[in-house]
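Note that this is a predicted model, so its numbers are computed, not measured. The first residue of the sequence shown is numbered 1, and numbering continues consecutively from there.
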Amino acid sequence: MDGLADSATNSMDLEAAWRWCKDIEIDTRVLVGLGAMAGGLVVWRAVKGRTSAERPLLTKNYEHNKVYVYSFPGNPKKCGVVHFSPFTLKVETWLRMNNIKYELIVTQQMSTKKQWPWIELNGKEYSDSNFIIKKLADHFHSDIDGKLTSEQLAVSFAFKEMMEVSFAFTYAFYRYYVAADVFWSMFSHIVPAPMSYLPACINIYMMKKYAFKTFWMAGIARHSKDEYRMIVSDQIHAISNFLGTKKFLMGDNPTSVDAWMFCHLSQVVYVPLDHPHREIISKECPNVQEYTNRVRDTFWPDWNTLFTKAN
């Protein structure tokens, strides 16, 4: 059993990793059975009584025009970020950029779409971070992108898509598969029953096997270590080259794309895992590190305070 947590974690030999997934020398039927039972109970717990779009509000006595943001618990001390959900961090950063009053509420309850984060605003629920921000921008008449030209808006959209559709997959693959045992230690305390009662090696095994199949289908797990690093390097250099010496991605003033950039870059700059991203940023693209710190210091002056409060 000890080999479950260690196999293919300290190596990026992806072909060997794939063979590990298929040929592991234990009775996988036992693990699959346990995993199905645990997973089924977790899903049942998450959805029972919560499938209706008209379910009761979590915050019944709400304040008008105050945004209530719901997300799962974090672990700032171990994870290095106030929240290791980039999508929660994106919504919060955007709210701070627009000086909109909000409150973060920790919960293991998902939205009716089965997503985190989700919000309640004036008695209604909204989910999916991108749709949440669109709704909030319309509701509060945000003009944060108002001075961008149509060409700049197109570039902004392209960077948002790169970060969410491609960049996020590169660090998620490393997080949930390559360094799964290390990352598990960062969030295992918030895993709900019955999975929390299973040995760590079984949870890590199930996470890695599911992650590998997911990332194999997405394509990122099909590549060699050098190819994987090339993908990461190309993306980071693209950010660095476009950013140059600008204060924010689109110029001297922050725009919505900076919330997208920060929420994902923080996951590799601050989370203490040996992502190849960190080495490339520190050695080859230091302006990306400086930019990430600048967004944090501008919109999260209470960053360290939140760490202390969370601990």
Side-chain angles (χ1 to χ4, degrees), residues 8-15 17 78-87 89-90 93 152 154-180 182-183 186 211 215 218-300 303-304:
T9 298
N10 298 319
S11 170
M12 281 287 291
D13 184 348
L14 300 183
E15 292 183 3
K78 287 188 176 182
C79 292
V81 288
V82 294
H83 211 295
F84 61 81
S85 162
F87 308 106
L89 195 54
K90 176 175 65 180
T93 302
Q152 289 176 316
V155 172
S156 175
F157 177 78
F159 268 104
K160 289 177 181 179
E161 289 297 291
M162 183 187 80
M163 298 306 287
E164 302 228 306
V165 178
S166 183
F167 187 85
F169 270 89
T170 64
Y171 70 75
F173 173 61
Y174 192 93
R175 173 187 288 186
Y176 296 112
Y177 181 73
V178 179
V182 178
F183 190 68
M186 296 180 182
F215 294 121
I220 193 67
R222 299 171 185 259
H223 305 304
S224 68
K225 178 181 179 180
D226 289 341
E227 290 169 334
Y228 169 77
R229 194 181 191 282
M230 185 184 301
I231 293 170
V232 172
S233 179
D234 286 348
Q235 293 177 351
I236 293 173
H237 276 90
I239 297 169
S240 177
N241 291 337
F242 185 80
L243 176 64
T245 59
K246 296 194 296 291
K247 186 176 180 181
F248 296 100
L249 192 69
M250 304 307 295
D252 290 334
N253 298 312
T255 58
S256 64
V257 69
D258 294 302
W260 268 255
M261 304 302 292
F262 175 72
C263 78
H264 291 291
L265 287 172
S266 65
Q267 303 299 313
V268 296
V269 169
Y270 302 135
V271 175
L273 293 175
D274 292 328
H275 299 93
H277 310 62
R278 299 185 80 180
E279 181 185 3
I280 294 168
I281 289 173
S282 63
K283 293 184 178 180
E284 302 174 25
C285 303
N287 64 330
V288 175
Q289 171 82 60
E290 294 165 1
Y291 164 71
T292 308
N293 291 342
R294 187 179 306 117
V295 176
R296 178 198 62 189
D297 295 343
T298 302
F299 299 105
W300 291 87
W303 185 271
N304 292 329

**Q** Please list, chain by chain and in numerical order, all residues satisfying side chain to side chain donor-acceptor pair (under 3.5 Å) with Glu290, sequence neighbours excluded.
**A** none
**Q** Under the side chain to side chain contact (heavy atoms under 4.5 Å, CB included) rule, collect the residues that match up with Glu284, sequence neighbours excluded.
**A** Arg229, Ser233, His237, Ile280
**Q** According to salt bridge (Lys or Arg N to Asp or Glu O under 4.0 Å), does anything in residues 162-173 pair up with another residue at least two apart or in another chain? List the pairs.
**A** Lys90-Glu164
**Q** Can you list the residues that meet the side chain to side chain contact (heavy atoms under 4.5 Å, CB included) rule with Met163, with sequence neighbours excluded?
**A** Phe167, Ile239, Met261, His264, Leu265
**Q** Mind checking whether Phe173 and Phe215 have parallel, tilted or perpendicular rings, split at 30° and 60°?
**A** perpendicular
**Q** For Thr298, enumerate each residue passing the side chain to side chain contact (heavy atoms under 4.5 Å, CB included) test, keeping only those at least two apart in sequence or located in another chain.
**A** Phe248, Arg294
**Q** Is it true that Tyr228 and His223 have ring centroids separated by less than 6.0 Å?
**A** no
**Q** Shortest non-hydrogen contact from Ser266 to Leu89?
**A** OG-CD2, 3.1 Å
**Q** Testing the 3.5 Å rule here: is there a donor-acceptor pair between the side chains of Ser166 and Gln235?
**A** yes
**Q** Please work out which of the three classes, parallel, tilted or perpendicular, describes the rings of Phe159 and Phe242, given edges at 30° and 60°.
**A** tilted
**Q** Do Gln289 and Arg278 meet the criterion of a side-chain donor-acceptor pair at a distance under 3.5 Å?
**A** no
**Q** Flag the pair Phe299 / Pro254 as yes when at least one side-chain heavy-atom distance between them is below 4.5 Å, and no otherwise.
**A** yes
**Q** Within the structure provided, determine whether Val232 and Tyr171 are in side-chain contact (heavy-atom separation under 4.5 Å).
**A** no
**Q** Answer yes if the side chains of Thr93 and Trp300 hold a donor-acceptor pair under 3.5 Å, and no otherwise.
**A** yes
**Q** What pair of heavy atoms forms the shortest contact from Val81 to Trp303, and how long is it?
**A** CA-CZ2, 3.7 Å
**Q** Is a side-chain donor or acceptor of Glu161 paired with a backbone partner of Ala158 at a separation under 3.5 angstrom?
**A** no
**Q** What are the two closest heavy atoms between Pro272 and Gly80, and how far apart are they?
**A** CD-N, 4.2 Å
**Q** For Ser240 and Asn287, work out which heavy atoms get closest and say how close.
**A** OG-OD1, 2.7 Å
**Q** Could you list all the side chain to side chain donor-acceptor pair (under 3.5 Å) pairs where at least one residue sits in residues 243-259, not counting sequence neighbours?
**A** Asp145-Ser256, Lys160-Ser256, Asp258-Tyr291
